[in-house]
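One-based numbering, in listed order, for ligands and for the atoms of each.
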Amino acid sequence: MTHRTLIIGATGKTGTELVALLTRANRMPRAAIRNRQQASAHFAKANMPLEQIAFREFDYARPETWDAALQGIHSMYLIAPPKELGPEPARAFLEKAVERGLQHVTMLSGATTGDIEGSLLHEVEGCVQELAPSWTILRPSWFMQNMLHWLGTTIRKEGQFYTPAGDSQTPLIDVRDIAEVALATLDGSYHGRILTLTGPELLTYDDVALKISIAIGTPVRHIALEDDEFKRLMVENYGWTPGAADHTVSLFRLVRQGKEARLAPDVEEVLGRAPRSFSDFAKAHRKAWM
Ligand SMILES: NC(=O)c1ccc[n+]([C@@H]2O[C@H](COP(=O)([O-])OP(=O)(O)OC[C@H]3O[C@@H](n4cnc5c(N)ncnc54)[C@H](OP(=O)(O)O)[C@@H]3O)[C@@H](O)[C@H]2O)c1
């Protein structure tokens with residue numbers, strides 16, 4: 001069988017969901033992964049059929065892995081390289097992909113940072129628009145799934161979580177909706193569109209805490225910290241690197257400035273239904289916090 005869609009970031013939050021959708025549609029996705037053993041364990045844990053996924057080694061930092069990953073590829077789901085590598089590997093990789101016959105790219109960007117000149121995501125968006133014969137850019141708001149991973153990891157033990165978000169509002173989106181939109185765009189139907197993807201409602205992190213509390217039947221508190229306090233706590237108590245803490249604080253600063261506080265109709269336009277709500281997300285994932 002030919003494997004025609006390459007998923008960059010296949011083990012990431014949105015990539016995993018897209019791989020799941022493509023396998024369910026019998027479309028044998030080609031999953032770009034850095035470590036075969038870890039990737040197999042990751043997909044097995046998610047109860048996904050390994051025999052229906054074509055794994056290819058791919059690392060932005062190792063151009064020698066790119067050729068094999070690109071062979072016979074028609075469309076691609078692309079996430080940007082990690083911050084420390086900058087946009088250049090994305091440009092070089094896209095040039096090679098187009099030379100090899102790539103037709104369409106759906107790129108995962110970000111609702112606010114995608115629009116900021118000089119940011120990594122804005123630069124990669126520019127490369128995609130310049131090089132891909134057909135492209136769609138997805139600019140999602142913050143993911144609900146962050147509450148299962150880095151932002152929400154303290155809930156189970158402490159009954160609380162920390163942010164430097166103050167009382168700012170964000171239209172958190174479920175990554176399953178992002179993946180469904182991505183799937184709908186892979187055939188080029190939304191060529192030339194920048195789609196802003198938001199959840200159905202604007203939420204403060206106090207709202208998020210309340211919804212998780214209702215889902216698990218135990219009080220959960222949101223502790224809003226100043227930037228410096230947040231950085232210190234994450235580095236000293238939770239093992240974050242200073243760089244990761246700084247980066248997170250800079251993203252939350254944009255949230256505090258109200259830059260994420262808007263709803264967009266694009267998910268509903270593409271999927272023909274409203275985006276998933278945080279209350280439903282919290283109910284579905286309640287065991288993760290108990
Ligand atoms: N999280 C949010 O709320 C949010 C909101 C809007 C936009 N975004 C954007 O979405 C993208 C993904 O964000 P995330 O932090 O949530 O990531 P994520 O889901 O954890 O995914 C990161 C993926 O990148 C892969 N990766 C890491 N280094 C790589 C390399 N050198 N070469 C190839 N693949 C590599 C990882 O693979 P391994 O498994 O091998 O590490 C993983 O599959 C970012 O561009 C971010 O700016 C995120």
Peer 1: Give the minimum heavy-atom separation between L202 and R262, together with the two atoms involved.
Peer 2: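 Taking L202 first and R262 second, the nearest heavy atoms are CD2-N, 3.6 Å.
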
Peer 1: State the atoms of ligand 1, each with its element, that fall below the 4.0 Å cut-off from a heavy-atom position in W142.
Peer 2: 3 (O), 5 (C)

Peer 1: With backbone taken as N, CA, C and O and side chain as the heavy atoms from C-beta onward, which portion of A39 lies under 4.0 Å from ligand 1: side chain, backbone, both, or neither?
Peer 2: neither

Peer 1: For W150 together with Y238, are the ring centres under 6.0 Å from each other?
Peer 2: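 No.
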
Peer 1: For G199 and I173, work out which heavy atoms get closest and say how close.
Peer 2: N-CB, 3.7 Å

Peer 1: Taking side chain as C-beta onward, heavy atoms only, is Q145 less than 4.5 Å from D174?
Peer 2: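 Q145 vs D174: side chains touch.
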
Peer 1: Where's the contact between D59 and ligand 1, heavy-atom distance under 4.0 Å: side chain, backbone, both or neither?
Peer 2: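 Both of them.
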
Peer 1: Quick one: does N35 get a heavy atom under 4.0 Å from ligand 1?
Peer 2: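 No, N35 has no heavy atoms under 4.0 Å from ligand 1.
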
Peer 1: Which class fits the ring pair F43 and F55: parallel under 30°, tilted 30 to 60°, perpendicular over 60°?
Peer 2: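 Because their plane-to-plane angle lies in the 30° to 60° range, the rings of F43 and F55 count as tilted.
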
Peer 1: Under a heavy-atom criterion of less than 4.0 Å, does G114 contact ligand 1?
Peer 2: no

Peer 1: Quick test: of every protein heavy atom, which one is nearest to atom 32 (N) of ligand 1, and how far off is it to 0.1 Å?
Peer 2: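 Looking only at protein heavy atoms, the one closest to atom 32 (N) of ligand 1 is Y60 N, 3.0 Å.
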
Peer 1: Considering only heavy atoms, does L108 approach ligand 1 within less than 4.0 Å through its side chain, its backbone, both, or neither?
Peer 2: side chain

Peer 1: Just need the protein heavy atom nearest to atom 46 (C) of ligand 1, so name the residue and atom and give the distance.
Peer 2: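 Going by distance alone, atom 46 (C) of ligand 1 is nearest to L121 CD1, 4.8 Å.
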
Peer 1: For the residue pair H222 and Y205, does the interplanar ring angle fall in the parallel (under 30°), tilted (30 to 60°) or perpendicular (over 60°) class?
Peer 2: tilted

Peer 1: Identify which of H149, H42, R34 has a heavy atom lying nearest to atom 27 (C) of ligand 1.
Peer 2: R34

Peer 1: Where on I79 is there a heavy atom closer than 4.0 Å to ligand 1, on the side chain, on the backbone, on both, or on neither?
Peer 2: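 Contact part for I79 vs ligand 1: side chain (C-beta onward).
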
Peer 1: Closest non-hydrogen protein atom to atom 7 (C) of ligand 1, residue and atom name please, with distance?
Peer 2: S109 O, 3.2 Å

Peer 1: Using protein heavy atoms only, decide if any is under 4.0 Å from atom 44 (C) of ligand 1.
Peer 2: no

Peer 1: Linking I/L/V/M/F/W/Y whenever their side-chain heavy atoms sit closer than 4.5 Å, directly or via other members, would I116 and L120 fall into one cluster?
Peer 2: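 No, because I116 and L120 fall into different hydrophobic clusters, even though each may have its own neighbours under 4.5 Å.
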
Peer 1: Apply salt bridge (charged side-chain N to carboxylate O under 4.0 Å, His left out) to D246 and list each qualifying residue two or more places apart in sequence or on a separate chain.
Peer 2: K231

Peer 1: What is the nearest protein non-hydrogen atom to atom 37 (O) of ligand 1, stated with its residue, atom name and distance?
Peer 2: T11 OG1, 3.2 Å

Peer 1: For atom 25 (C) of ligand 1, which candidate among G9, P82, S141 provides the closest heavy atom?
Peer 2: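 Closest candidate by heavy-atom distance is G9.
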
Peer 1: Would you call R273 and D177 a salt bridge, using N to O less than 4.0 angstrom?
Peer 2: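 Counted as a salt bridge, because a side-chain N and a carboxylate O are separated by less than 4.0 Å.
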
Peer 1: For the residue pair E57 and R62, establish whether any side-chain heavy-atom pair is separated by less than 4.5 Å.
Peer 2: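 Result yes, sub-4.5 Å side-chain heavy-atom pair found.
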
Peer 1: Could you check atom 21 (O) of ligand 1 against the protein and tell me its nearest heavy-atom contact, residue, atom and distance included?
Peer 2: G12 CA, 3.3 Å

Peer 1: Does T65 have any side-chain hydrogen bond (donor to acceptor under 3.5 Å, both in side chains) partners at least two apart in sequence or in another chain, and if so, which?
Peer 2: none

Peer 1: I'd like to know whether ligand 1 has P140 as a neighbour, heavy-atom separation below 4.0 Å.
Peer 2: yes

Peer 1: Among all protein heavy atoms, pick the one closest to atom 48 (C) of ligand 1 and tell me residue, atom and distance.
Peer 2: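 For this ligand atom, the closest protein heavy atom is F143 CZ, 3.3 Å.
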
Peer 1: Can you tell me the protein heavy atom closest to atom 20 (O) of ligand 1 and the distance?
Peer 2: K13 NZ, 3.5 Å

Peer 1: Going by the angle between their ring planes, with limits at 30° and 60°, are W289 and F281 parallel, tilted or perpendicular?
Peer 2: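 Rings of W289 and F281: perpendicular, as their planes differ by over 60°.
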
Peer 1: Among protein heavy atoms, which sits nearest to atom 3 (O) of ligand 1, and what does the distance come to when rounded to 0.1 Å?
Peer 2: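 Nearest neighbour among protein heavy atoms for atom 3 (O) of ligand 1, to 0.1 Å: N146 ND2, 2.7 Å.
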
